[in-house]
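In listed order, ligands and their atoms are each counted from 1.
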Amino acid sequence: MAKDLKQYETKEAITPDGVSVQLFVNTGLMIDVVRGVQRGAQGVGLYRSEIPFMLRERFPGEEEQRAIYRQQLSHFANKPVVMRTLDIGADKDLPYFSIEEENSALGWRGIRFTLDHPEIFSAQIRAMLKASIGLNNLHILLPMVTTVSEVEEVLYLLERDWIAVQEEEQVKITKPKIGIMVEVPSVLLQIDEFAELVDFFSVGSNDLTQYLLAVDRNNPHVASVYSHFHPSILRALTRLVKECHKYQKPVSICGEMAGDPLSAILLMAMGFNTLSMSSSNILRVRKAICHVPMTDAQKLLDDVMKMNNPLIVKSWLEYYFKTHGLADMVKSNRLVTV
Ligand code: PEP
Ligand code: MG
């Protein structure tokens with residue numbers, strides 16, 4: 001890791017004009033947790049629960065899952081940990097449960113799959129609830145939500161499991177806060193209705209970009225079309241933050257867009273005060289926040305909201321970074337791993 005970045009391990013993410021932003025880490029394996037703690041993450045914004053499932057040869061049982069989740073929750077005791085329920089399908093394949101589909105990105109994935117397998121869903125929820133006993137920092141996040149009825153069904157299952165686990169364990173368990181991923185564009189247009197059911201929203205910009213722009217996130221032939229600097233993404237997110245604030249619901253972002261210093265600055269200006277990212281990006285984003293005043297970030301956002309071309313948006317941000325001592329953050333298109 002560059003020496004210059006190391007000093008940001010112990011700094012807070014506060015802009016020169018005093019605006020504080022919370023930086024959370026995305027995890028899947030314990031190494032992400034360890035690095036997240038070391039780099040000063042203030043919580044886990046996305047635990048990808050499918051990762052331990054992908055590394056096994058069979059579905060892990062309830063007790064096995066409980067032990068895995070407990071490790072994640074206890075390393076961030078007293079801090080929020082957002083655990084996403086199983087998000088398999090499309091690019092996330094289980095070696096022991098193959099799903100063959102013509103159009104898998106639009107297929108049986110995320111909450112669509114788990115609601116069709118309530119026994120898998122329930123084992124996971126029960127394991128999460130048991131793992132949270134005495135820690136009380138569990139938040140549950142639902143992936144690939146498209147329709148209000150999916151959330152209603154989940155809330156029913158969750159209530160049932162919450163009551164049952166407390167009876168079995170003879171212990172009171174704090175009810176976790178429930179949130180949904182904003183990654184299917186339909187959700188953007190129904191925030192009012194979802195806000196009646198859930199406690200928080202978290203933007204999955206990787207899939208939201210894929211679905212809003214109709215571009216496969218993993219296809220190199222269309223990689224140039226896949227950009228989180230596309231004006232429609234910026235406009236959608238700006239409106240989303242306003243909507244969430246209107247209904248007084250916290251909204252954060254956990255896709256790659258939060259871990260790119262150029263876009264992180266725009267997100268901060270939009271009003272996202274929690275950004276969650278891979279541990280490899282935390283220090284770079286913290287450095288950017290410590291250097292860019294909110295007044296500049298707001299001016300940049302105003303500028304780019306008038307632009308119609310993602311490449312020009314990106315160049316405009318790069319120009320600002322290069323002329324404000326942050327040239328090292330714009331060297332390459334891809335995020336550097338440290
Ligand atoms: C996303 O879609 O932005 C996201 C965070 O989830 P994943 O990358 O795991 O699909
Ligand atoms: Mg996603």
What protein heavy atom is closest to atom 6 (O) of ligand 1, reported as residue, atom name and distance in Å?
->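 Ranking protein heavy atoms by distance from atom 6 (O) of ligand 1, first comes Arg84 NH1, 2.9 Å.
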Quick one: look up the protein heavy atom nearest atom 7 (P) of ligand 1 and list residue, atom name and how far away it is.
->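 Its nearest protein heavy-atom neighbour is Lys92 NZ, 3.4 Å.
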Hey, which atoms in ligand 1 end up nearer than 4.0 Å to a heavy atom of [X]?
| X | value |
| --- | --- |
| Arg217 | 2 (O), 7 (P), 8 (O), 10 (O) |
| Gly255 | 3 (O), 5 (C) |
| Asp207 | 1 (C), 2 (O), 3 (O), 10 (O) |
| Glu183 | 1 (C), 2 (O) |

Contact check, side chains of His75 and Val81, non-hydrogen atoms, under 4.5 Å |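 Counting from C-beta outward, His75 and Val81 never come under 4.5 Å.
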Between Asp87 and Lys92, is any pair of side-chain heavy atoms under 4.5 Å apart?
->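 Yes, close enough: below the 4.5 Å cut-off.
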Test of understanding: given a 4.0 Å heavy-atom threshold, classify the contact between [X] and ligand 1 as side chain, backbone, both, or neither.
| X | value |
| --- | --- |
| Met277 | neither |
| Leu46 | side chain |
| Met181 | side chain |

First locate atom NZ of Lys11, then atom CG of Leu23, and finally report the distance between them rounded to the nearest 0.5 Å.
->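 So the NZ of Lys11 and the CG of Leu23 are separated by 14.0 Å.
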If you round to the nearest 0.5 Å, how far is CG of Leu213 from CD1 of Ile233?
->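 Ile233 atom CD1 to Leu213 atom CG measures 4.5 Å (nearest 0.5 Å).
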May I ask you to check if ligand 1 and [X] share an N or O to N or O distance below 3.5 Å?
| X | result |
| --- | --- |
| Asn206 | yes |
| Glu50 | no |
| Arg48 | yes |

Among the N/O/S atoms of Asp207, select the one at the shortest distance from the Mg ion (ligand 2) and name it.
->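 Sorting the N, O and S atoms of Asp207 by distance to the Mg ion (ligand 2) puts OD2 first.
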Centres of the Phe76 and Tyr47 rings: under 6.0 Å?
->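 They do not qualify: ring centres at least 6.0 Å apart.
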When the ring centroid of Phe97 is compared with that of His117, is the distance short of 6.0 Å?
->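 Yes, the ring centres sit under 6.0 Å apart.
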Polar contact flag, side-chain donor to acceptor under 3.5 angstrom, Ser276-Asn26 |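 The answer is yes; a qualifying pair exists.
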Pair Ser278, Ser280: side-chain N/O donor-acceptor within cut-off below 3.5 Å =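 Note: Ser278 and Ser280 side chains meet the donor-acceptor criterion.
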Return yes when at least one N/O/S atom of Glu183 is nearer than 2.8 Å to the Mg ion (ligand 2), and no when none is.
->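 Glu183 does place an N, O or S atom closer than 2.8 Å to the Mg ion (ligand 2).
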Least distance between heavy atoms, Gly45 atom then Val82 atom |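 For Gly45 and Val82, the tightest heavy-atom pair comes out as O-CB, 3.4 Å.
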